[in-house]
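Working notes, structure below.
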Amino acid sequence: MVSPAKTAPGAATKGALEGLRVIDQTQVMAGPFCSMLLADLGADVIKVEPREGEHTRQERQIAPGVSASFLAVNRNKRGMAIDLKKKEGIEILKRLAATADVLVENYRPGVAQRLGVDYGTLREINPKLIYCSISGFGQTGPYASRGGFDLIAQGMSGIMSATGSEGGAPVKVGVPITDLGAGLFAVFGILCAVRARRLTGRGQFVDTSLFEAGLALSAWEATEYWYTGDLPKPLGTAHRLSAPYQAFRASDGTFTVGAGNNKLWGLFAGLLGLEGLLQDERFKKPKDRLQNRAALEKLIEEITSRKPRAHWLERCEAAGIPAGPIYSIPEALADPQAQARGMTQEYDYPGVGRVRTLGNPVKMSRSPARLYKAPPALGEDNEALLSSLGYSEEEILELKEKNVIP
Amino acid sequence: MKPLQGLRVIDLTQAMAAPFCTMNLADMGAEVIKVEAPGEGESMRQLGRAQKNGHSGTFMTMNRNKRSLAVDLKQPEGVELIRRLAKTADVFVQNYRPGVAGRLGVDFESLQKINSRLVYCAISGFGNTGPYAPRGGYDLIAQGMSGVISVTGEENGPPAKAGIPLADLAAGLFGAYGILAALEHRERTGEGQLVDTSLLEAAMALTVWESSEYWLTGGVPKPMGSAHRLGAPYQALRAADGYFTVGAGSDKLFAAFCGVLGLSNRKFEKRKDRMANRPALIAEIEKITVTKSRAAWLAALEKAGVPAGPINNYAEALADPHTLAREMVVDLQHPGAGAIKALGVPVKLSETPGAVERAAPLLGEHTAEILKELCYSETEERALRAKGVVQ
């Protein structure tokens with residue numbers, strides 16, 4: 001990807017994680033997001049799918065064997081398709097594991113053992129292997145064997161109890177935050193283990209889950225509960241600790257303003273012509289504004305609802321008050337800042353044409369993330385990888401005949 | 001042994017995103033030195049209702065496992081101290097508005113001259129480049145501008161943000177990812193670099209699914225309450241005593257779910273029929289689910305292997321036996337606040353696990369020892385203290 005950060009002449013172009021081989025035995029969202037972040041930085045990620053392909057390929061197909069969900073999180077990867085229920089398939093995976101630095105899987109706990117590709121088995125073959133499992137609840141504890149989706153983890157970790165409108169129906173965070181959070185914590189754990197391996201010479205087992213990611217992302221809310229005894233509730237767009245910090249109605253929609261501290265509040269009140277409120281006992285200190293948030297919101301919206309969003313956003317920017325529009329997804333992607341930061345990238349996909357994908361959010365000056373490869377077609381790299389593992393043409397043919405590979 | 005042992009991180013950060021980044025590094029064994037202004041320290045030390053004996057819970061949460069150095073960067077001796085520290089460091093993290101670090105003399109270009117191996121991470125509202133670079137940005141603003149708010153909340157309801165500050169937290173995690181990758185690059189080449197990320201980009205990166213849906217199908221994703229864009233039933237359902245969640249969007253899980261409910265699934269056997277008739281589907285399901293308690297359904301669904309769960313509040317979530325079994329709640333002693341609780345490490349490493357061992361530092365708690373490490377004499381230290389350069 002083209003990085004807007006300055007790339008020095010002579011900078012490496014292959015990516016910070018060049019030379020790291022990752023076997024990606026993951027499906028759907030959390031695991032593929034994790035391995036995609038590694039691939040963006042140059043890791044050689046080999047996605048291993050069942051012979052029929054991972055099931056998100058089939059969900060609402062936009063061309064044979066490919067869907068929006070699949071394309072979203074599988075760029076920059078190579079692809080193999082192997083039937084791991086056959087012993088020849090397991091043999092391929094073992095040979096591949098002998099060449100790998102990292103393996104990521106997101107089976108339910110127990111499934112990898114049944115298949116014979118669990119950490120204990122693969123460690124025997126490759127003691128330097130870093131084996132990362134991402135599951136609903138982790139490999140231990142009373143719920144280890146349960147299946148877990150983002151929704152379940154959002155509900156159980158407390159996130160849903162703090163999201164939505166006061167008194168409204170249950171609402172989850174609209175993006176699959178525990179999936180993505182688990183993917184991020186997995187990347188973090190894997191890179192920590194890569195670093196530890198330099199010191200110890202050995203790999204290790206890295207174990208995280210959607211549920212734990214949900215809890216870890218609740219750091220603020222857990223603190224609020226532990227220190228005050230109050231349960232964090234849904235507050236719409238408002239902040240637990242400061243006001244005004246929320247969405248306000250304009251004449252043509254809503255916009256957000258963060259003016260919770262006294263300085264920003266003074267500026268915002270001035271901009272609205274509400275200087276009188278600065279002396280109002282109800283709104284003097286941050287804790288007063290928090291306590292009288294509903295009244296404050298009403299007074300502010302009486303003013304903001306008279307003019308369009310653009311009017312208020314321009315004035316907030318001129319005054320140095322953090323504020324912004326509430327964009328739909330297309331508006332967000334088209335915004336000049338998102339464009340300037342390279343957040344839209346493109347590649348060609350056979351049968352689909354030009355496909356757009358999000359840029360990597362981290363800009364590195366000397367080893368930038370890049371988009372160098374479209375997501376793989378099913379089993380696209382089977383033959384190249386099998387021969388690199390020492391399989392002869394005859395053996396590959398035999399694997400096809402036995403339906404081990406497509 | 002911890003995986004990031006031996007890594008020295010200078011932490012010039014405030015509030016949430018960047019402190020969360022360095023906290024994760026500290027949990028994994030990095031030696032993180034939190035640099036704060038003398039007097040009041042970072043603003044979070046003063047923030048909010050969540051306090052114990054005058055110590056801010058919000059501050060303590062984000063700054064555990066760190067050391068504190070109180071130094072005034074507005075005095076030249078303070079900047080000199082940071083530059084001496086930067087010579088000894090592997091990583092430098094700051095979250096000033098773009099431009100501020102340059103004015104203080106602790107920007108990437110300046111520090112790279114004195115330590116070319118330094119990995120320098122800047123976390124800001126919008127990133128170091130682009131038209132909005134100089135703007136201040138908060139989690140709320142980033143949630144709004146990334147599209148996250150546009151897909152959160154009830155259908156046709158008022159706008160709702162993610163209840164957790166996800167743009168802040170994700171920016172912190174993406175920062176940690178960039179830093180660790182940059183350290184790998186340094187292992188090969190010997191060179192440090194600038195790692196630049198932002199709340200806006202982090203929040204946008206979390207719309208990976210929604211943006212792909214939009215680009216490839218043209219549909220603009222909308223808020224759906226607790227429901228899923230591609231599968232049903234996958235949402236909160238009403239029981240006799242409140243709501244619980246069920247994820248039974250696939251045909252196989254839906255069949256198992258119908259078995260538990262005693263519902264004939266013929267009309268809704270196929271995923272696309274369920275999606276096309278979601279309101280009717282949910283109405284039929286809830287006719288049955290309202291007849292029994294959450295606990296009864298959850299027990300039955302667990303037996304049938306259908307993913308389901310309660311909607312816990314934070315008291316319930318933090319006391320859940322699984323939370324405790326996974327060591328997600330840790331007890332700590334803080335010199336001022338006494339016994340406090342903290343969240344554990346969400347990613348478990350078998351050989352070199354991270355750990356939460358030390359409560360957040362008092363302001364300047366480690367100033368003396370850090371000055372000594374940098375070979376300041378006692379006379380020099382006294383002079384710095386007398387001038388208010390350090391505390």
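Order of the sequence lines sets the chain letters (A, B, ...), proteins ahead of strands, with each chain counted from 1.
Contacts between A:Ala43 and chain B at a heavy-atom distance below 4.5 Å are absent for every atom of the residue. There is no contact between A:Tyr131 and chain B, counting heavy-atom distances below 4.5 Å. When heavy atoms are compared at a cutoff of 4.5 Å, B:Leu200 approaches chain A solely by way of its side chain, counted from C-beta outward. Heavy-atom distances place both the backbone and the side chain of B:Pro310 under 4.5 Å from chain A. Heavy-atom distances place no part of B:Met224 under 4.5 Å from chain A, backbone and side chain included. With a 4.5 angstrom heavy-atom cutoff, A:Leu199 touches chain B only via side-chain atoms. Contact of A:Arg198 with chain B is made through the side chain alone, with heavy-atom distances under 4.5 Å. Only the side chain of A:Phe33 comes within contact range of chain B, with heavy atoms under 4.5 Å apart. With a 4.5 Å cut-off on non-hydrogen atoms, B:Ala30 does not touch chain A at all. Of the atoms belonging to B:Arg135, it is side-chain heavy atoms, and not backbone ones, that fall under 4.5 Å from chain A. Both the backbone and the side chain of A:Pro325 come within less than 4.5 Å of a heavy atom in chain B. For chain A, the nearby part of B:Leu253 is the side chain; its heavy atoms alone come within less than 4.5 Å. In this structure, chain B has no heavy atom under 4.5 Å from any part of A:Asp179. Heavy-atom distances place both the backbone and the side chain of B:Asn313 under 4.5 Å from chain A. Of the two parts of B:Phe244, neither the backbone nor the side chain holds a non-hydrogen atom closer than 4.5 Å to a non-hydrogen atom of chain A. The contact between A:Ile159 and chain B is made by backbone and side chain atoms together, counting heavy-atom distances below 4.5 Å. For B:Glu187, the part lying near chain A is the side chain, with the backbone staying farther off; criterion is any non-hydrogen pair under 4.5 Å. Both the backbone and the side chain of A:Arg356 come within less than 4.5 Å of a heavy atom of chain B. Within the 4.5 angstrom heavy-atom criterion, atoms from both the backbone and the side chain of A:Val206 approach chain B. Looking at B:Gln51, the atoms closer than 4.5 Å to chain A (heavy atoms on both sides) all sit in the backbone: N, CA, C or O. With a threshold of 4.5 angstrom between heavy atoms, B:Tyr243 approaches chain A through side-chain atoms but not through N, CA, C or O.
Using a 4.0 Å cut-off between charged nitrogen and carboxylate oxygen, B:Glu201 and A:Arg341 count as a salt-bridge pair.
Looking only at distances, no side-chain donor or acceptor of B:Glu302 sits under 3.5 Å from a matching main-chain atom of B:Ala308. A donor-acceptor distance shorter than 3.5 angstrom exists from the side chain of B:Asp139 to the backbone of B:Asp168, with no hydrogens or angles considered. Checked by atom type and distance alone, the side chain of B:Arg271 pairs as donor or acceptor with a backbone atom of B:Leu230 at under 3.5 Å.
For A:Tyr225 and B:Tyr314, the ring centers are positioned 6.0 Å apart or more. Between A:Phe188 and B:Tyr177, the ring center distance fails the sub-6.0 Å criterion.
B:Tyr234 and B:His228 have perpendicular rings, their planes meeting at more than 60° on a 0 to 90° scale where under 30° would count as parallel.
The shortest heavy-atom contact between A:Ala340 and B:Gly130 is CB-CA, 3.7 Å. Contact detail for B:Lys341 and A:Trp226: the closest heavy-atom pair is CD-NE1, 3.5 Å. The minimum heavy-atom distance between A:Ala216 and B:Pro346, with the atom names listed, is CB-CG, 3.6 Å.
Chain B forms the most heavy-atom pairs under 4.5 Å with one residue out of A:Thr223, A:Val173, A:Asp207, A:Val362, and that residue is A:Asp207. Considering only heavy-atom pairs separated by less than 4.5 Å from chain B, the leading option among A:Met343, A:Gln337, A:Lys172 is A:Gln337. Among the candidates B:Glu316, B:Lys52, B:Met1, the residue making the largest number of heavy-atom pairs closer than 4.5 Å to chain A is B:Met1. For the options A:Val171, A:Thr208, A:Thr163, heavy-atom pairs under 4.5 Å to chain B are most numerous at A:Val171. Considering only heavy-atom pairs separated by less than 4.5 Å from chain B, the leading option among A:Gly324, A:Cys192, A:Gly147, A:Gly168 is A:Cys192. Of the listed residues A:Gly320, A:Gly189, A:Gly258, A:Pro330, the one with more heavy-atom pairs under 4.5 angstrom with chain B than any other is A:Pro330. Your options are A:Val352, A:Ile134, A:Val257, A:Thr254, and the one with the most heavy-atom pairs under 4.5 Å with chain B is A:Val257.
Taking the side chain as every heavy atom from C-beta outward, A:Lys363 and B:Leu194 never approach each other to under 4.5 Å.
Shown here are the side-chain contact (heavy atoms from CB on, under 4.5 Å) partners of B:Val151, two or more places apart in sequence or in another chain: A:Val175, A:Ile329, B:Glu210, B:Pro221, B:Arg229. Evaluation of the side-chain contact (heavy atoms from CB on, under 4.5 Å) rule for B:Ser43 yields B:Gln14 as partners, not counting sequence neighbours.
Paired with A:Leu191 under the rule side chain to side chain contact (heavy atoms under 4.5 Å, CB included), one option of B:Leu4, B:Ile179, B:Leu180 passes, and it is B:Leu180.
Note that the CZ atom of A:Phe205 and the SG atom of A:Cys132 stand 8.0 Å from one another [nearest 0.5 Å].
Counting heavy-atom neighbours within 6.0 Å of B:Glu327 CD, excluding the residue itself, gives a total of 12 or less.
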